[in-house]
Number of protein chains: 2
Amino acid sequence: MSPRPEASGRSAARAALALRKSAPVFAALGDDTRLRLVALLCAGGAMSIAQLTLGTDITRQAVTKHLHVLADAGLVHDVRQGRERLWAFAPDRLAEARRSLDAIAAQWDSALLRLKSTVER
Amino acid sequence: MSPRPEASGRSAARAALALRKSAPVFAALGDDTRLRLVALLCAGGAMSIAQLTLGTDITRQAVTKHLHVLADAGLVHDVRQGRERLWAFAPDRLAEARRSLDAIAAQWDSALLRLKSTVER
DNA sequence: TTCGTGAGCAACCTTTTGGTTGCAGGTTAG
DNA sequence: CTAACCTGCAACCAAAAGGTTGCTCACGAA
């Protein structure tokens with residue numbers, strides 16, 4: 001009876017917790033500048049703050065703040081190297097967020113299926 | 001030559017656009033209350049504001065504001081019915097956001113692969 | 001018709017956010 | 001050693017976000 005399609009039980013509660021845990025990640029991604037930073041670090045490997053500021057129209061300090069927001073959300077981590085500080089993408093939290101969205105979508109699909117079967121009955 | 005694995009060309013630019021488009025969706029999901037609302041509407045079908053306020057410790061007005069934020073992000077839409085107004089989940093934008101996260105993850109994986117092959121060479 | 005209920009609108013308040021400027025501290029190249 | 005460069009910290013500011021209260025309006029049932 002385990003693969004039963006979500007009877008509002010324990011697994012739903014677990015999903016809700018995972019969802020609440022992903023909220024800060026979504027909040028961190030919900031900004032153009034930060035989303036761009038994530039994409040950059042994701043494609044180009046670790047970069048310094050100065051490099052990340054290049055190509056932006058905001059101050060280095062603003063970029064620093066955004067990086068800290070991303071770090072607090074666990075999307076990014078820093079490595080000190082000499083006089084620079086390199087920032088790198090950290091994939092774990094984003095994977096969690098991805099699973100959360102998948103869970104929501106799956107819940108929607110199953111709700112649609114239930115509705116359809118109810119109508120046909 | 002179309003399914004070439006991302007040579008930083010036109011398709012990358014298209015992905016960047018899709019990403020920027022998803023930022024408002026992530027911003028809308030980046031709040032505990034709204035995430036909970038989305039999960040509710042996703043599982044339970046359309047609901048009125050009064051119903052959605054039940055089980056929350058905030059005012060009906062606050063819930064209304066959150067619903068408007070979600071509607072602006074395209075995650076939810078409303079249907080007027082008599083004196084009530086029902087809110088329902090709208091899956092399209094969330095699917096787009098999901099694809100955006102997938103694209104980021106894929107970019108990360110391919111970057112790792114490139115790095116690995118470079119090291120081995 | 002009248003009363004109860006679900007909703008809209010507007011004003012207001014506090015906290016957070018996104019951004020800036022200015023200055024001080026390490027590090028590395030010449 | 002010294003100058004150039006990358007970074008950190010703190011103060012400050014304007015705008016946006018999250019929330020509340022108070023009032024009004026529309027609908028439905030009795």
Side-chain angles (χ1 to χ4, degrees), chain A residues 19-20 22-41 44-89 93, chain B residues 19-41 44-89 93 97:
Chain A
L19 210 61
R20 181 175 267 86
S22 306
V25 177
F26 291 133
L29 294 176
D31 179 281
D32 272 347
T33 306
R34 285 195 292 265
L35 209 46
R36 188 181 148 280
L37 287 177
V38 167
L40 265 181
L41 292 181
M47 289 196 230
S48 73
I49 298 183
Q51 284 178 300
L52 290 170
T53 306
L54 257 291
T56 328
D57 54 345
I58 59 176
T59 318
R60 172 182 58 88
Q61 310 291 346
V63 174
T64 300
K65 284 195 184 180
H66 282 301
L67 286 172
H68 277 110
V69 172
L70 289 173
D72 286 346
L75 284 172
V76 125
H77 77 282
D78 65 300
V79 181
R80 310 223 39 177
Q81 188 173 46
R83 74 173 161 181
E84 341 187 271
R85 180 180 202 164
L86 298 184
W87 292 84
F89 177 64
R93 287 299 166 81
Chain B
L19 210 61
R20 182 175 265 87
K21 204 171 141 200
S22 305
V25 177
F26 291 133
L29 294 176
D31 178 282
D32 271 348
T33 305
R34 286 194 293 263
L35 209 45
R36 188 180 149 280
L37 286 178
V38 167
L40 264 180
L41 291 182
M47 289 197 231
S48 72
I49 298 182
Q51 284 177 301
L52 289 170
T53 305
L54 258 291
T56 326
D57 53 347
I58 59 177
T59 318
R60 171 180 58 87
Q61 309 292 345
V63 174
T64 300
K65 284 196 185 180
H66 282 301
L67 285 172
H68 277 110
V69 172
L70 289 173
D72 286 346
L75 284 171
V76 124
H77 78 281
D78 65 299
V79 181
R80 311 222 41 177
Q81 189 172 46
R83 74 172 160 179
E84 332 190 278
R85 180 180 202 164
L86 299 184
W87 292 84
F89 177 65
R93 289 298 167 83

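Computed from a predicted model, the values in this text were never measured in an experiment. Sequence lines set the chain letters: A, B, ... in the order given, protein chains first and strands last, and positions in each chain run from 1.
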Novice: Do A:Leu52 and A:Thr56 touch side chain to side chain, with heavy atoms closer than 4.5 Å?
Specialist: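 Sidechains of A:Thr56 and A:Leu52: no contact.
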Novice: Round to a whole Å and report the spacing from CG of A:Asp72 to P of C:dT17.
Specialist: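 A:Asp72 atom CG is separated from C:dT17 atom P by 10 Å.
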Novice: Quick one, give me the B/S/- string for nucleotides 22-30 of chain D, reading 5' to 3', where B means a protein heavy atom under 4.0 Å from the base and S means that only happens at the primed atoms, P, OP1 or OP2.
Specialist: B----BS--
Novice: Determine yes or no for a side-chain-to-main-chain donor-acceptor pair under 3.5 angstrom, with B:Ser48 supplying the side chain and B:Gln51 the backbone.
Specialist: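 Checked: pair present.
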Novice: Under a 3.5 Å cutoff on both atom distances, Watson-Crick or G-U, what's the dot-bracket for DNA chain C ([ ] crossing, | other strand)?
Specialist: ||||||||||||||||||||||||||||||
Novice: Within this structure, what is the CH2-to-P distance between B:Trp87 and C:dA7, rounded to whole angstrom?
Specialist: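 About 10 Å, once rounded to whole Å.
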Novice: Got a sec, which pairs hit salt bridge (charged side-chain N to carboxylate O under 4.0 Å, His left out) with one end in residues 66-78 of chain B, sequence neighbours left out?
Specialist: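 For residues 66-78 of chain B, and leaving out neighbouring residues, the salt bridge (charged side-chain N to carboxylate O under 4.0 Å, His left out) pairs sorted by first residue read B:Asp78-B:Arg85.
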Novice: How would you list, by chain and number, every residue that makes a ring pair (Phe, Tyr, Trp, His ring centres under 6.0 Å) with B:His77, sequence neighbours excluded?
Specialist: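 Scan of B:His77 (ring pair (Phe, Tyr, Trp, His ring centres under 6.0 Å), adjacent residues dropped) gives none.
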Novice: Rounded to the nearest 0.5 Å, how far apart are CD1 of B:Ile49 and CG of B:Leu86?
Specialist: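 The CD1 atom of B:Ile49 sits 9.5 Å away from the CG atom of B:Leu86.
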Novice: So, taking the atom named NZ in B:Lys65 and the one named CG in B:Leu70, what distance separates them when rounded to the nearest 0.5 Å?
Specialist: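 Between atom NZ of B:Lys65 and atom CG of B:Leu70 there are 14.5 Å.
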Novice: Look up atom CE in A:Met47 and atom CZ in A:Phe89, then write down how far apart they are to the nearest 0.5 Å.
Specialist: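 Reported to 0.5 Å precision, the distance equals 12.5 Å.
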Novice: Could you give the CZ-to-C1' distance, from B:Arg80 to C:dG6, as a whole number of Å?
Specialist: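 After rounding, the reported distance stands at 10 Å.
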Novice: Looking at B:Ile58 and B:Thr53, what are the two nearest heavy atoms and their distance?
Specialist: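 Of all heavy-atom pairs spanning B:Ile58 and B:Thr53, the closest is O-CG2, 3.7 Å.
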Novice: What is the distance, to the nearest angstrom, from the CG atom on B:Leu86 to the P atom on C:dG6?
Specialist: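 Interatomic distance, CG of B:Leu86 to P of C:dG6: 13 Å.
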Novice: Starting at atom CG of B:Leu54, determine the distance to atom P of C:dA7, rounded to an integer number of angstrom.
Specialist: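 After rounding, the reported distance stands at 11 Å.
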Novice: Strictly under 3.5 Å: I want the nitrogen or oxygen pairs between protein and nucleotides 17-19 of chain D, one per line.
Specialist:
from	atom 1	to	atom 2	distance (Å)
D:dG18	OP1	B:Arg34	NH2	3.4
D:dG18	OP2	B:Arg34	NH1	3.1
D:dG19	OP2	B:His66	NE2	2.3
D:dG19	N7	B:Lys65	NZ	2.8
D:dG19	O6	B:Lys65	NZ	2.6

Novice: Under 3.5 Å, sequence neighbours excluded: what are the donor-acceptor pairs made by side chains of residues 20-41 of chain B?
Specialist:
from	atom 1	to	atom 2	distance (Å)
B:Ser22	OG	B:Ala18	O	3.0
B:Ser22	OG	B:Ser100	OG	2.8
B:Asp31	OD1	B:Thr33	N	2.9
B:Asp31	OD1	B:Arg34	N	3.2
B:Arg34	NE	B:Ala28	O	2.7
B:Arg34	NH1	B:His66	ND1	3.2
B:Arg34	NH2	B:Ala27	O	3.4

Novice: Measure from NE2 on A:His68 to P on C:dG19 and round the result to the nearest Å.
Specialist: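 Whole-Å distance recorded here is 16 Å.
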